[in-house]
Amino acid sequence: MSLRPVLIAPSILSADFGHLADAVKQVEAAGADWIHVDVMDGHFVPNLTAGPPIVEALRSVTDLPLDVHLMVTNPDALIGEFARAGANHLTVHVETCPHLHRTLQRIHEHGMKAGVTLNPATSVVTLEEILTSVDIVLVMSVNPGFGGQPFIESCLDKIARVRRMLDHVHSQALLEVDGGVNLAKAGPIVRAGADVLVSGSAIFTSNDYSKTISQLRMAGETISV
Ligand code: DX5
Ligand code: ZN
């Protein structure tokens with residue numbers, strides 16, 4: 001049986017913002033594959049976080065892909081700014097994009113990989129028409145806005161359904177899962193079909209980033225006999 005490699009994307013939302021550069025360097029040294037940056041506008045989600053200046057600052061301290069998750073009401077207005085700041089991936093919520101296909105085109109025109117995500121209550125049907133235009137599908141497994149929330153169990157089935165949809169169209173897009181991902185949940189999430197695990201609190205509250213990242217990566221590869 002061949003196993004897909006599992007990528008780990010620490011979410012800096014749970015890092016110490018007073019020492020963000022150090023936190024990013026530490027998780028990079030500990031084996032992180034991507035750096036996940038949560039952008040919240042206080043409208044689409046009830047929280048405010050970082051914008052392009054933070055992405056630009058992070059760009060200068062790491063060569064890892066900056067995986068920017070836009071939880072904002074008007075993502076189209078920000079595509080150029082995030083590209084110039086050095087984002088590698090820009091992921092938008094389907095709930096915020098009335099012209100989603102055009103938004104994804106614009107992200108590509110700006111040289112970034114295009115991701116699409118959906119809230120736990122949003123149906124996977126909303127992805128159907130754009131599956132062949134995306135590089136990343138991000139399944140939210142908490143309601144977006146805050147780190148440290150518990151994984152919503154019904155999302156496991158949703159991950160499996162998205163996996164089947166991607167395989168059905170022979171898509172090479174990566175299936176990323178975000179919210180409540182910890183050592184207990186990583187195995188079932190990967191076995192449901194995830195390629196990329198975002199993890200904030202589980203990594204940044206641990207004493208040993210390297211051990212936690214490698215345990216998260218391996219969790220899905222443990223096959224019971
Ligand atoms: C939630 C964010 C997540 C969050 C994950 O809105 O999109 O990226 O930081 O944090 P944990 O892993 O603590 O659930
Ligand atoms: Zn996120």
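In each ligand, atom 1 is the first atom listed, and ligand 1 is the first ligand listed.
- Side chains of T49 and D38: no donor on one and acceptor on the other come within 3.5 Å.
- For H69 and H89, the ring centers sit 6.0 Å or farther from each other.
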Note down each nitrogen or oxygen pair, ligand 1 side and protein side, whose separation is under 3.5 Å; give only atom names and the distance to 0.1 Å.
{"residue": "ligand 1", "atom": "6 (O)", "partner": "G145", "partner atom": "N", "Å": "2.8"}
{"residue": "ligand 1", "atom": "7 (O)", "partner": "D38", "partner atom": "OD1", "Å": "2.9"}
{"residue": "ligand 1", "atom": "7 (O)", "partner": "H69", "partner atom": "ND1", "Å": "3.2"}
{"residue": "ligand 1", "atom": "7 (O)", "partner": "D178", "partner atom": "OD2", "Å": "2.9"}
{"residue": "ligand 1", "atom": "8 (O)", "partner": "H36", "partner atom": "NE2", "Å": "3.4"}
{"residue": "ligand 1", "atom": "8 (O)", "partner": "D38", "partner atom": "OD1", "Å": "3.1"}
{"residue": "ligand 1", "atom": "8 (O)", "partner": "D38", "partner atom": "OD2", "Å": "2.8"}
{"residue": "ligand 1", "atom": "8 (O)", "partner": "D178", "partner atom": "OD1", "Å": "2.7"}
{"residue": "ligand 1", "atom": "8 (O)", "partner": "D178", "partner atom": "OD2", "Å": "3.0"}
{"residue": "ligand 1", "atom": "9 (O)", "partner": "S11", "partner atom": "OG", "Å": "2.9"}
{"residue": "ligand 1", "atom": "9 (O)", "partner": "D38", "partner atom": "OD2", "Å": "3.1"}
{"residue": "ligand 1", "atom": "12 (O)", "partner": "G200", "partner atom": "N", "Å": "2.8"}
{"residue": "ligand 1", "atom": "13 (O)", "partner": "G148", "partner atom": "N", "Å": "2.8"}
{"residue": "ligand 1", "atom": "13 (O)", "partner": "S201", "partner atom": "N", "Å": "3.0"}
{"residue": "ligand 1", "atom": "13 (O)", "partner": "S201", "partner atom": "OG", "Å": "2.6"}
{"residue": "ligand 1", "atom": "14 (O)", "partner": "G180", "partner atom": "N", "Å": "2.8"}

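- A single hydrophobic cluster is seen to contain both L166 and V177, as judged by linkage of ILVMFWY side chains at heavy-atom distances under 4.5 Å, directly or through other members.
- Salt bridge R217/D33: present, at least one basic N to carboxylate O contact under 4.0 Å.
- Within the protein, the number of N/O/S atoms found under 2.8 Å from the Zn ion (ligand 2) is 4.
- Remark: E153 engages K185 in a salt bridge, criterion side-chain N to carboxylate O under 4.0 Å.
- Residues that satisfy the side chain to side chain donor-acceptor pair (under 3.5 Å) test with D167, not counting sequence neighbours, are R163.
- Cluster annotation: M112 is not connected to W34 through the hydrophobic network of ILVMFWY side chains, with a link wherever side-chain heavy atoms come within less than 4.5 Å.
- No hydrogens or angles considered: a donor-acceptor pair under 3.5 Å links the side chains of H108 and D135.
- Considering only residues two or more places apart in sequence or on other chains, D41 meets the salt bridge (charged side-chain N to carboxylate O under 4.0 Å, His left out) condition with none of them.
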